[in-house]
Amino acid sequence: MYLVTIMGNLLIILAVSSDPHLHTPMYFFLSILSMADIGFTSTTVPKMIWDIHTQSRAISHAGCLMQFSLFYLFAYLDSSILTVMAYDRFVAICHPLHYPVIMNPRLCFLLLLASISASILESQMHCLMILLLTFCAHVEIPHFFCDPTQLLRLACEDTSTDRLLMYFIGAIFGGVPVSGILYSYTRIVSSVLRVSSTGGRSKAFSTCGSHLTVVCLFYGTGIGVYLSSAVSHSTRQGALTSVVYSMVVPMLNPFIYSLRNKDLQRAFQKFLSRTT
């Protein structure tokens with residue numbers, strides 16, 4: 001699964017960068033999403049594979065902090081890029097004549113910079129919260145990576161305030177992208193419904209189908225992880241939902257975007273024929 005995830009996302013990045021016809025804002029942000037997916041799954045899976053191979057599940061305190069800091073960084077970057085892609089589809093469908101002017105290279109760079117900055121801020125806030133906690137000498141985390149909710153339960157002090165703060169930060173940084181995506185698709189649906197021809201409607205909806213599928217998959221599993229950690233104390237259930245969230249979703253994204261996208265399929269064929 002890890003190799004399929006890496007190869008699929010790398011293929012999208014190489015295809016987009018090698019084909020001049022795909023040098024558009026939509027495919028630019030798609031390649032950034034693929035980079036974020038590679039980083040997202042690479043923060044946890046290689047360590048887990050190494051632990052299985054060596055039969056050693058030890059990790060240092062600094063390594064643990066680094067792991068979940070990068071995990072939150074790439075997870076929120078995924079969320080931010082999906083929001084930017086929703087805005088890109090909103091401009092393309094609702095303001096098609098002004099699309100080249102609005103989605104200019106400068107705005108694309110600023111949107112990417114804002115997404116990266118917000119991701120760094122969110123991950124460092126979580127990291128600082130865990131850094132200030134006191135742990136016992138030997139701590140066993142019942143998970144396949146350093147999950148902050150599990151670390152809060154293992155701290156040798158009262159963490160009720162930290163728990164509320166963590167969920168508050170998650171709600172704020174998660175609510176803003178979700179609100180942006182909902183607003184964009186509300187405007188998209190209302191604009192498409194005003195189109196008189198059936199062919200025009202289906203064409204408009206088909207351009208958003210892949211992105212909407214990835215959004216539902218990403219946020220659906222993310223909310224599942226969030227609720228399972230907040231409501232249930234079953235470590236097995238939390239680990240299973242985290243596996244789906246951190247491994248299955250990044251693996252499926254390249255297939256979702258390439259199966260019905262003829263431009264990407266054509267770019268794949270050109271790239272593979274050029275390399276062979």
Side-chain angles (χ1 to χ4, degrees), residues 32-33 36-37 39-44 59 61-87 111-135 139 141-184 215-235 237-239 241-246 249-250:
I32 298 299
L33 181 69
D37 281 337
F40 181 54
T41 190
S42 296
T43 57
T44 57
I59 185 171
H61 182 255
C64 187
L65 290 174
M66 179 67 72
Q67 186 185 65
F68 88 78
S69 177
L70 291 174
F71 181 83
Y72 270 89
L73 171 66
F74 289 113
Y76 193 77
L77 184 59
D78 258 356
S79 178
S80 301
I81 296 299
L82 287 174
T83 308
V84 172
M85 293 175 73
Y87 175 72
L111 289 173
L112 176 61
L113 184 63
S115 300
I116 295 175
S117 301
S119 303
I120 293 174
L121 176 63
E122 197 263 354
S123 66
Q124 292 309 304
M125 289 177 70
H126 278 92
C127 185
L128 181 62
M129 188 189 312
I130 301 298
L131 188 63
L132 297 176
L133 294 177
T134 303
F135 294 95
V139 175
I141 304 171
H143 217 292
F144 69 95
F145 70 96
C146 292
D147 182 42
T149 56
Q150 300 293 338
L151 291 174
L152 287 175
R153 291 172 184 167
L154 297 171
C156 299
E157 57 183 274
D158 182 34
T159 59
S160 55
T161 304
D162 300 275
R163 196 180 303 276
L164 289 175
L165 183 60
M166 185 185 71
Y167 290 133
F168 177 75
I169 294 172
I172 293 296
F173 280 89
V176 172
V178 170
S179 301
I181 292 173
L182 290 177
Y183 173 78
S184 298
V215 166
C216 294
L217 194 62
F218 180 81
Y219 284 104
T221 54
I223 291 172
V225 174
Y226 186 81
L227 292 178
S228 65
S229 62
V231 178
S232 175
H233 291 280
S234 173
T235 56
Q237 181 182 353
T241 52
S242 296
V243 166
V244 176
Y245 185 66
S246 60
V249 174

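The first residue of the sequence shown is numbered 1, and numbering continues consecutively from there. Quick caveat: nothing in here was measured; it's all calculated off a predicted structure. Computed from heavy atoms alone, side chains included, the values below leave out hydrogens, waters and symmetry copies.
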Problem set entry | Distance in Å, T41 OG1 paired with F74 CZ, rounded so as to fall on 0.5 Å steps | 11.0 Å

Exercise. Closest heavy-atom contact between L33 and M85?
Worked result: CD2-SD, 4.1 Å

Exercise. Is there a side-chain contact (heavy atoms from CB on, under 4.5 Å) between D162 and L133 once you walk through the steps?
Worked result: CA-CA 9 Å; D162 300 275; L133 294 177; 3.9 Å; yes

For this session: Locate the shortest heavy-atom distance separating F40 from S246; write the atom from each residue and the value.
Result: CE2-CA, 3.7 Å

Problem set entry | Test item: L112 and I81 side chains (from C-beta on) under 4.5 Å apart, heavy atoms | yes

Exercise. Does any N or O in the side chain of S79 come within less than 3.5 Å of the main-chain N or O of A75, such that one atom is a donor and the other an acceptor?
Worked result: no

Problem set entry | Distance, nearest 0.5 Å, that separates CG of D78 from OG of S119 | 9.0 Å

Exercise. Who are the side-chain contact (heavy atoms from CB on, under 4.5 Å) partners of V215, not counting sequence neighbours?
Worked result: L82, I181, H211, Y219

Problem set entry | Nearest-0.5 Å distance, OG of residue S160 to CG of residue L152 | 10.5 Å

Problem set entry | Over all atoms of both residues, closest heavy-atom pair of L77 and A36 | CD2-CB, 3.9 Å

For this session: Please report the C-alpha distance between C64 and L151 in whole Å, then the side-chain angles of each, then the deciding distance to 0.1 Å, and finally whether the side-chain contact (heavy atoms from CB on, under 4.5 Å) criterion is met.
Result: CA-CA 10 Å; C64 187; L151 291 174; 4.0 Å; yes

For this session: Nearest 0.5 Å please: distance from the NE2 atom of H61 over to the CG atom of L131.
Result: 6.5 Å

For this session: Using the side-chain contact (heavy atoms from CB on, under 4.5 Å) rule, take L121 and F173 through it: C-alpha gap first, then chi angles, then the decisive distance, then the call.
Result: CA-CA 10 Å; L121 176 63; F173 280 89; 4.0 Å; yes

For this session: Hey, could you give me the OH/CD1 distance between Y76 and I116, rounded to the nearest 0.5 Å?
Result: 13.0 Å

For this session: Apply side-chain contact (heavy atoms from CB on, under 4.5 Å) to S123 and list each qualifying residue two or more places apart in sequence or on a separate chain.
Result: S69, Y72, L73

